[in-house]
Amino acid sequence: MEPVIIVLIILVVLVFIALIRTIQVIPQASAAIVERFGRYTRTLNAGLNIVVPFIDTIRNRIDLREQVVPFPPQPVITQDNLVVNIDTVIYYQVTDARAATYEVASYIQAIEQLTVTTLRNIIGGMDLERTLTSREEINAALRGVLDEATGKWGIRVNRVELKAIEPPTSIQDSMEKQMRADRDKRAAILTAEGTRQAAILTAEGEKQSQILRAEGEAKAAALRAEGEAQAIRTVFESIHAGDPDQKLLSYQYLQMLPKIAEGDANKLWIVPSEIGDALKGLSGAMGNFSPFGGNSGGGGSEKAQERREKPSID
């Protein structure tokens, strides 16, 4: 009986193993490649799947989610013969598990090598300055080449990013010095522009101030002239209203002569011809009055002579 029990146990174990190999559970966003006697049979999708044990085998399980693969820095020579190290990051997704299994031996390695060669071709046609400022252009070119090449592998490249572009140390030092010089130049230009603008504003302010001062002085002069004209007009009207005679005018003219001669700068002053008439009028006016109560003119002398020659009645 013991051999029979052993055989039964072996049969139970084989059946259990066959059941395990028959039922295949594939996780979500995954796929499995099934081969029968070494040939591709079908692709198992997510869920519960039944295969023939000991005949069908699972060749490969592939993750269908988007993958991110960073590649190590790669030395690339630019058009101006400078070596730069470029880090790249590839975002890809397997769309056909069968093609990814049978069309290429290792699609990760294939994508890496294709990225390196394509990157060298693209950077080889650019100088350093353009390389540092054309990331979007390089990314687009890389993605186009990779998408076209990896399509037959059942892989779609979604994005290509340049993580870092590192020029040589000597070039970095030169770039830093150039940037520092550019900053100093911009600062000097801004300072000069500020000084120029300040000078312009100061000149404009002085000009406006002088214009306002000149306008004020002109208005003040006009007001003074108008006041003097009004004063002269008032004096003239008062004189004419008072109807002065020649004697009063001559006396006022003589009073003004000392004021005309005042001042150290008045070394020479001209006596107008009218002063003779004024003096004659004034002397005539003064001669009509005698110190003894009579007139001192010629008429008065004649009357006194007549009185002396006239005999007395007594």
Could you go through L119 and I138, starting from their C-alpha distance and side-chain angles, then the distance that decides it, and tell me whether this counts as side chain to side chain contact (heavy atoms under 4.5 Å, CB included)? CA-CA 8 Å; L119 191 61; I138 298 172; 3.8 Å; yes
V52 side chain near R36 side chain, heavy-atom distance below 4.5 Å: yes
Counting only heavy atoms from other residues, nucleotides and ligands, does the tally under 6.0 Å from CD of E129 exceed 12? no
CG/L132: more than 12 non-hydrogen atoms of other groups inside 6.0 Å: yes
Got D56 and E35 here, is their nearest side-chain heavy-atom distance under 4.5 Å? no
Shortest non-hydrogen contact from P167 toward V84: CA-CG1, 3.7 Å
Is the closest side-chain heavy-atom distance between Q74 and V116 below 4.5 Å? yes
Contacts of T43 that satisfy side-chain hydrogen bond (donor to acceptor under 3.5 Å, both in side chains) - sequence neighbours left out: Y40
How far does CG of N139 sit from CD1 of I122, to the nearest 0.5 angstrom? 9.0 Å
So, taking the atom named CD1 in I10 and the one named CD1 in I5, what distance separates them when rounded to the nearest 0.5 Å? 12.0 Å
Under 3.5 Å, is there a donor-acceptor pair between the Q28 and R65 side chains? no
Following the transitive rule for hydrophobic clusters with a side-chain heavy-atom cut-off under 4.5 Å over Ile, Leu, Val, Met, Phe, Trp and Tyr, establish whether V157 and L162 coincide in one cluster. yes
Cluster check F54, V13: I/L/V/M/F/W/Y, side chain < 4.5 angstrom: yes
On a heavy-atom basis, the closest approach of N85 and P75 is OD1-CA, 3.4 Å
Lys/Arg N to Asp/Glu carboxylate O, K207 vs E204, below 4.0 Å: no
Roughly how far, to the nearest 0.5 Å, is the CG atom of N45 from the OG atom of S30? 10.5 Å
Sub-4.5 Å side-chain heavy-atom contact between I123 and I77: no
Full working for side chain to side chain contact (heavy atoms under 4.5 Å, CB included) between F71 and D87: CA-CA 6 Å; F71 295 144; D87 298 350; over 6 Å; no
Would you say the side chains of E66 and N158 form a donor-acceptor pair under 3.5 Å? yes
With side chain to side chain contact (heavy atoms under 4.5 Å, CB included) as the test, would you mind laying out the steps for I23 and L48 before giving the verdict? CA-CA 7 Å; I23 300 174; L48 182 64; 3.0 Å; yes
Show the nearest heavy-atom pair for residues I111 and Y92, with the distance to one decimal. CD1-CG, 4.3 Å
Can I62 be reached from I155 by stepping across I, L, V, M, F, W or Y side chains whose heavy atoms are under 4.5 Å apart? yes
Under 4.5 Å between side-chain heavy atoms, hopping through other hydrophobics if needed: is there a path connecting I26 to V34? yes
Any side-chain to backbone donor/acceptor pair from T150 onto L146? Under 3.5 Å, distance only. yes
A46 to A29 - nearest heavy-atom pair and separation: CB-N, 4.5 Å
Go through T78 and T131 one step at a time and tell me if the side chain to side chain contact (heavy atoms under 4.5 Å, CB included) criterion holds. CA-CA 8 Å; T78 61; T131 301; 4.1 Å; yes
CZ of R42: more than 12 outside heavy atoms within 6.0 angstrom? yes
Taking the side chain as everything from C-beta on, heavy atoms only, tell me whether R61 gets closer than 4.5 Å to I33. no
Less than 4.5 Å apart, any side-chain heavy atom of D63 and any of V94? no
To the nearest 0.5 Å, what is the distance between OG1 (T133) and CD (E136)? 11.5 Å
Is there a donor-acceptor contact under 3.5 Å from the side chain of N60 to the main chain of I58? no
Shared hydrophobic cluster, Y91 / Y107 (ILVMFWY, side-chain heavy atoms < 4.5 Å): no
Are R135 and E161 ion-paired here, with the side-chain N under 4.0 Å from a carboxylate O? no
Provide the closest heavy-atom pair for P70 versus K163 in the form atom of the first, atom of the second, distance. CB-NZ, 4.3 Å
Side-chain contact, heavy-atom cut-off 4.5 Å: Q79 with R130? no
Taking 4.0 angstrom as the limit, do K219 and E217 come out as a salt bridge? no
Under a 4.5 Å cut-off applied to non-hydrogen side-chain atoms, are Q113 and T117 in contact? no
Gap separating the CZ atom of R120 from the OG1 atom of T115, nearest 0.5 angstrom: 11.5 Å
Between K152 and E103, does any NZ, NE, NH1 or NH2 come within less than 4.0 Å of an OD or OE carboxylate oxygen? no
To the closest 0.5 Å, what do you measure between CZ (R143) and CZ (R156)? 9.0 Å
